[in-house]
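Numbers restart at 1 for each chain; the letters A, B, ... are given by sequence-line order, proteins then strands.
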Amino acid sequence: MLYTAAMADYVGEVVLSSTTRLTAQCPDDDATPALGSFVTVDYGPGRAVAVVAEVRSGSLDPGRRPVAFGLSEEELFRQQPQLRELLSTEFEAILVGWSEGDGPARQLLPPRPPRLHRFVSPAEPDDVRTVTEGGDWLRTLLAAEASDDLLAAAVRASLATRPDDHTARLHAGRALARLVGDDYERLQVLLRRVAQ
Amino acid sequence: MIETRQRLGLVTGGSLLDGLEMKLDPGVSTEALRAGQYVVVEGQDHIFYTMITDVRLQSASPSIPIRPPADGDDLLRQVLAGEWTYVTLHLRPLLQLPLVGETDVDSAQVKTVPAHFAAAQRASEDDVSRVFGQQSARDRFHVGAPLDMDTPVCLNLSRFVERSNGIFGKTGTGKTFLTRLVLAGLCHKLPGEVVTLTFDMHNEYGGSARQEGSDRHVPGLKQLFGEQVAVMTLDEESSRRRGAPIDEVVQLAYDDIEPGDIIAMRGELGLSEAGCDTLSLLEGHFGDRWLWQLLHGDPEELVERIGGHLGAVLAARRKLARLAGKDFKRFLHPKLEGSARRAVDTLVKRLAERKQHVVLEFGQVTSLLSYLLVANVVTRKLYAEWVRRAEEFHASLRPQDKPPHLVICVEEAHKFLNPEAARQTSFGQIARELRKYFVSLLIVDQRPSGIDDEILSQLGTRITAQLNDDRDIAAVLAGTTGSAGLRVVLAGLDSKQQALIFGHAVPMPVVLKTRTYNDELFGEIGRIKADVEGTMSAGPDPWG
Ligand SMILES: Nc1ncnc2c1ncn2[C@@H]1O[C@H](COP(=O)(O)OP(=O)(O)OP(=O)(O)O)[C@@H](O)[C@H]1O
Ligand SMILES: [Mg+2]
């Protein structure tokens with residue numbers, strides 16, 4: 001059941017994975033997940049939650065670089081429909097949460113990397129809430145060398161699942177503050193981005 | 001301790017010497033705190049009573065004050081609050097009591113500090129009353145309540161009279177009201193044990209006195225305590241006119257005055273060193289007729305008798321001629337006959353034998369010089385009498401020989417106790433000798449910096465209302481531990497009916513809203529309102 005549900009609105013298919021990151025290829029250029037958004041990958045049983053850390057497009061064949069044609073996108077694909085098959089968009093996500101069965105996802109890394117070719121879909125708001133409870137998940141992001149922009153985008157995405165919780169923003173801010181240690185300027189920048 | 005206290009934060013550092021440092025919990029507003037407020041810190045076995053002496057805004061990084069959050073940057077502000085920007089309080093430990101068991105505030109000196117992270121809470125009313133004792137106790141008298149509290153703060157009167165004490169404050173802060181309150185406490189709580197003599201320069205203690213800023217009058221000690229208080233006056237005419245309830249008239253004769261009485265106020269008189277010597281020479285030759293001789297004798301004859309220079313004698317005569325002036329005529333006479341002669345003796349009798357409290361009114365005798373002279377003469381005689389009685393008692397050790405404890409209350413105390421006068425007057429002696437002879441002073445003054453340092457530092461209990469002058473503040477706090485903290489507290493006092501009390505008669509310093517001198521107080525003393533008013537309306541309206 002879960003498998004088909006995930007398949008229905010999937011945003012990627014795992015093509016490279018480890019216990020800390022995964023790379024997934026998007027089925028469709030128009031359905032790429034946003035930077036900092038939360039995705040989930042099915043382990044059947046179990047699922048991991050990850051934060052989209054980078055999205056990139058390019059040629060499927062690493063040896064061949066796309067060249068510029070000087071045409072509008074519409075015109076280009078009308079003239080060269082085969083290009084669609086040669087290009088691909090993929091994203092990288094940092095694993096931040098794990099659930100062994102059907103229970104809520106927690107702030108843990110999965111014990112094994114996601115299986116290749118599994119589908120990746122947007123995370124359920126409930127999973128985002130449980131994984132981002134407290135500030136530990138930010139530490140995981142930071143350990144995976146997330147940039148400040150990514151941190152801020154991920155915090156924004158996590159706050160979007162708690163629209164009515166007024167203290168959530170403050171708690172997230174405090175968690176960031178603890179994370180950056182005594183680098184006050186960095187905190188200033190981060191919070192300004194979160195507040196945007 | 002059932003009442004729950006409000007948590008403020010926790011102890012983060014400090015020392016026995018410098019006091020405790022405490023971090024305020026985020027969410028507690030600094031504006032709800034005040035220097036002088038009590039904070040209790042619960043250690044493992046002890047509860048420490050401390051006083052807030054400083055509130056400090058801190059930031060964890062030096063860049064924060066340099067680049068503070070912008071105006072609309074609320075998130076940053078909120079995130080910083082409590083961890084990056086926080087508030088610390090400086091607490092001065094005052095007392096250390098065991099968490100369980102008897103409260104013995106006498107052995108509650110602070111001997112150590114609580115451990116790290118001990119919880120600091122706002123002191124509750126229970127905490128305060130645990131320390132300041134029950135007002136029903138024999139020698140405790142309710143003089144006010146801590147600011148923002150209703151718990152009575154009681155003065156330990158037995159301890160109070162053991163030493164000389166001071167009541168200070170700039171003009172209009174309520175010194176006289178406070179003094180009257182303390183005197184009322186002594187009359188009420190320790191009758192027979194303690195007697196007081198008040199030199200009442202402005203006629204405010206015995207009969208009714210006007211309350212500033214209203215037409216209301218408050219009853220004086222005589223009205224509150226009846227027979228227990230005697231009002232004596234130097235100026236019968238004025239006292240009668242005001243309808244003051246006087247018991248006796250006090251007059252002085254020249255032979256009551258000794259050169260020492262004059263020399264103690266030589267500054268006021270402008271008397272030279274040579275002048276002082278002349279007075280002593282005169283006394284050597286003429287005994288107690290020296291003053292009469294100086295003022296009325298033939299100067300050349302005097303020089304012949306005593307030696308010295310005519311110029312010196314003439315100068316002394318000129319300076320002392322003021323003693324024959326208008327103000328002095330009301331009470332000072334070349335000679336007195338009969339019962340009038342013995343006014344000072346009856347004063348002693350009233351105090352020592354009838355155990356009455358005495359208020360000595362000055363009426364229209366308004367010059368400072370008269371006040372100084374009378375106070376010096378009377379105090380000298382009383383002191384001699386008390387020393388005699390005390391020595392008799394120390395020899396016989398019979399309880400019936402023990403003189404009552406005498407408290408002499410003077411306003412404008414710096415005039416008697418400035419460094420120069422303090423060496424010469426009996427006031428200086430009393431202030432220094434402590435309780436040996438059962439006499440102590442209650443000095444009331446608006447310029448404590450004028451008082452001799454040594455005497456200030458001997459004061460047992462200091463009650464001080466608002467003071468503005470830095471020198472006065474420094475003088476009042478001289479010789480106290482942690483005076484920097486108390487200085488802050490003192491600076492925060494309102495200009496009326498608030499005072500800081502510290503010293504011998506209170507277990508720990510306390511910032512007080514002084515008890516209002518009103519019906520509730522008269523009720524405690526056992527005089528109901530109508531009763532008091534009845535006595536008051538007995539005479540003609542003093543101000544009408
Ligand atoms: N405890 C009190 N109860 C009622 N009224 C008070 C009290 N203390 C002060 N006041 C008010 O403040 C006024 C001034 O007080 P008071 O005369 O005692 O001041 P002071 O310090 O003696 O002034 P000064 O230096 O001029 O003698 C009083 O007239 C009274 O109205
Ligand atoms: Mg006064």
Side-chain angles (χ1 to χ4, degrees), chain A residues 35-37 51 107 128-129 131-142 146-196, chain B residues 4-14 20-33 54-90 115-122:
Chain A
L35 183 75
S37 67
V51 173
Q107 296 170 31
V128 177
R129 274 192 289 270
V131 168
T132 61
E133 194 77 58
D136 294 354
W137 66 286
L138 289 169
R139 239 174 231 298
T140 314
L141 280 191
L142 209 63
S147 67
D148 284 358
D149 295 276
L150 174 59
L151 283 173
V155 168
R156 275 210 307 276
S158 78
L159 291 177
T161 63
R162 300 181 175 88
D164 299 322
D165 186 352
H166 297 298
T167 55
R169 215 165 73 118
L170 182 56
H171 289 313
R174 293 234 166 99
L176 282 174
R178 275 190 292 273
L179 212 61
V180 303
D182 50 12
D183 191 346
Y184 172 62
E185 277 167 66
R186 186 165 169 215
L187 176 66
Q188 253 181 332
V189 171
L190 274 170
L191 290 184
R192 227 175 290 141
R193 291 189 186 169
V194 168
Q196 269 162 13
Chain B
T4 53
R5 313 187 186 104
Q6 184 204 348
R7 184 187 144 105
L8 294 176
L10 41 79
V11 170
T12 51
L20 296 176
E21 199 72 17
M22 158 199 152
K23 182 172 180 286
L24 197 67
D25 282 346
V28 181
S29 162
T30 51
E31 291 169 36
L33 305 170
D54 202 4
V55 183
R56 235 176 247 153
L57 302 179
Q58 309 267 30
S59 36
S61 149
S63 330
I64 297 176
I66 299 172
R67 273 180 295 280
D71 264 352
D73 212 343
D74 292 336
L75 180 59
L76 180 57
R77 246 168 237 254
Q78 289 166 6
V79 167
L80 293 182
E83 278 178 43
W84 292 59
T85 58
Y86 54 96
V87 178
T88 57
L89 304 186
H90 190 262
H116 270 99
F117 313 131
Q121 298 158 313
R122 204 188 282 276

How long is the straight-line distance from CD of B/Gln78 back to OG1 of A/Thr167, given to the nearest 0.5 Å?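 Output value for this atom pair is 10.5 Å.
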Atom pair CZ (A/Arg174) and CH2 (B/Trp84), whose distance is rounded to the nearest 0.5 Å: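 Interatomic distance, A/Arg174 CZ to B/Trp84 CH2, rounded to 0.5 Å: 12.5 Å.
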For A/Ala177 and B/Val79, which heavy atoms make the closest approach, and how far apart are they?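 Between these two residues, the closest heavy atoms are CB-CG1, 3.7 Å.
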To check you understand the geometry: which heavy-atom pair defines the closest contact between B/Arg67 and A/Glu185, and what is its length?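 Closest heavy-atom pair between B/Arg67 and A/Glu185: NH2-OE2, 2.6 Å.
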Measuring heavy-atom distances to chain A, does B/Ser63 have an atom under 4.5 Å in its side chain, in its backbone, in both, or in neither?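 For B/Ser63, the contact with chain A is made by backbone and side chain together.
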What part of B/Glu83 is in contact with chain A, defined as an atom under 4.5 angstrom from a non-hydrogen atom: side chain, backbone, both or neither?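 Answer is side chain: those atoms of B/Glu83 sit under 4.5 Å from chain A.
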So do the side chains of A/Leu187 and B/Leu76 get within less than 4.5 Å of each other, counting heavy atoms only?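 In contact.
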